[in-house]
Q: 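Sharing a structure, written as structure tokens. Questions coming.
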Amino acid sequence: SKTRSGKTIIEHRKTDNGMRKSDKIYIAGHRGMVGSAIKRNLEAKGFSNFVERTSNELDLRNQANVKEFFANEKPDFVFLAAAKVGGIQANNTYRAEFLYDNLMIQNNVIHQSHVTGVKKLMFLGSSCIYPKMAPQPMNEDALLTGKLEPTNEPYAIAKIAGIKMCDAYRSQYGSDFISVMPTNLYGPNDNYNLNNSHVLPALIRKFHTAKKQNDPEVIMWGTGSPLREFMHADDLADACVFLMEEYSDSGFVNIGTGEEVSIFDLATTIKQVVGYQGNITKDLTKPDGTPRKLMDASKLHNLGWKHKISLKEGIESVYINLETKDWF
Ligand code: GFB
């Protein structure tokens, strides 16, 4: 079959449940970096019937409250982008919450989506589901073939459970629940708290602060040699909406760029974008985490989607558009 651009794609059962403009869409986590990007993408494509709850209004870990919400609102489409997330240090420190909160959120949302007959649900996972030593680039088939990276094992176990839950509801009940595995992300509404953020926003903040304060050095955690892949949240959101419309199958889809960069080279790029003149110093007491984490994005590419925003452009746009830069 063909995509809209005319490119030949791998045959997957296309959903009978195409999103109509009148359909009610629930984005769990709509104020987060990923959820807000999905909402912007849907709005740009003409969707406007959203049902929303902030985390204060609805605690997704609470089974009774989630049950009541789904029974009352009966959304047609669900993007499950609500999760307890964070960088390497947060994952490693709050191991209990990363497991408990994520399992509770996804169990409640996926199960109530089944109970109330949601037409289609998308579960968002993470590239950390793959074994620490998975062959690179990491293909979807590498799931559960080896030991996980210890710093984020609790998060990964929760996300693997979410994938298996979607697959189980599909095979037992025919639910149209799909899973996608994004690579490391950055973008508007990112978290800039140095204790629990990811590397990219952390380094933007550190270089910006050092520039303003004329500090001679910026501390980069670890050796700088781990390799990572980064995608802008707007690209991720576009891929999610594309897959919501085009993909209906068990077996999740990696969402990545297929391009990787060392942490040191990332730091050098951010240093340039910010315009900082000082030095980069390594803090070897901090963990490196997985040595290399590159997605094999060929399944997604064969379905007919590719990212648009380069890393340099993405970092520039995030830095220019940052509203809060008074961090010191
Ligand atoms: O982005 P990050 O926290 O997460 O760290 P992971 C990536 C790499 O950047 C690690 C280094 O090698 C860090 O040691 N790094 C250097 C820094 N300087 C800094 C800094 O100032 N802050 C941070 N945070 N890192 C997470 C997982 O792994 O990635 C999650 O723990 C999830 O489960 C997420 O998968 C996408 O890429 O190592």
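Order of listing sets the numbers, starting from 1, for every ligand and every atom in it.
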Q: Please say whether more than 12 non-hydrogen atoms of neighbouring residues, nucleotides or ligands are located less than 6.0 Å from CD in Gln63.
A: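 At most 12 heavy atoms, drawn from other residues, nucleotides or ligands, come within 6.0 Å of this atom.
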Q: Between Thr209 and Lys206, is there a donor-acceptor pair closer than 3.5 Å when you use the side chain of the first and the backbone of the second?
A: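 Such a contact is absent between Thr209 side chain and Lys206 backbone.
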Q: Phe77 ring centre to Lys24 NZ or CZ under 6.0 Å, with the angle to the axis within 45°?
A: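 The answer is no; the distance or angle limit is not met.
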Q: For the residue pair Tyr155 and Phe98, does the interplanar ring angle fall in the parallel (under 30°), tilted (30 to 60°) or perpendicular (over 60°) class?
A: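 The rings of Tyr155 and Phe98 stand perpendicular, inter-plane angle above 60°.
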Q: To the nearest 0.5 Å, tell me how far Phe252 CZ sits from Ile163 CD1.
A: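 The CD1 atom of Ile163 is 4.5 Å from CZ of Phe252, to the nearest 0.5 Å.
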Q: Under a 4.0 Å heavy-atom cut-off, what residues line ligand 1?
A: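 The 4.0 Å shell around ligand 1 contains Gly86, Gly87, Ile88, Asn91, Ser126, Cys128, Asn152, Tyr155, Asn184, Ser197, His198, Val199, Ala202, Lys206, Met220, Trp221, Pro226, Arg228, Ile263, Pro287, Asp288, Lys293.
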Q: Between Val218 and Leu266, is there shared hydrophobic-cluster membership here, with clusters defined by ILVMFWY side-chain heavy atoms closer than 4.5 Å?
A: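 Linked, Val218 and Leu266 end up in one cluster.
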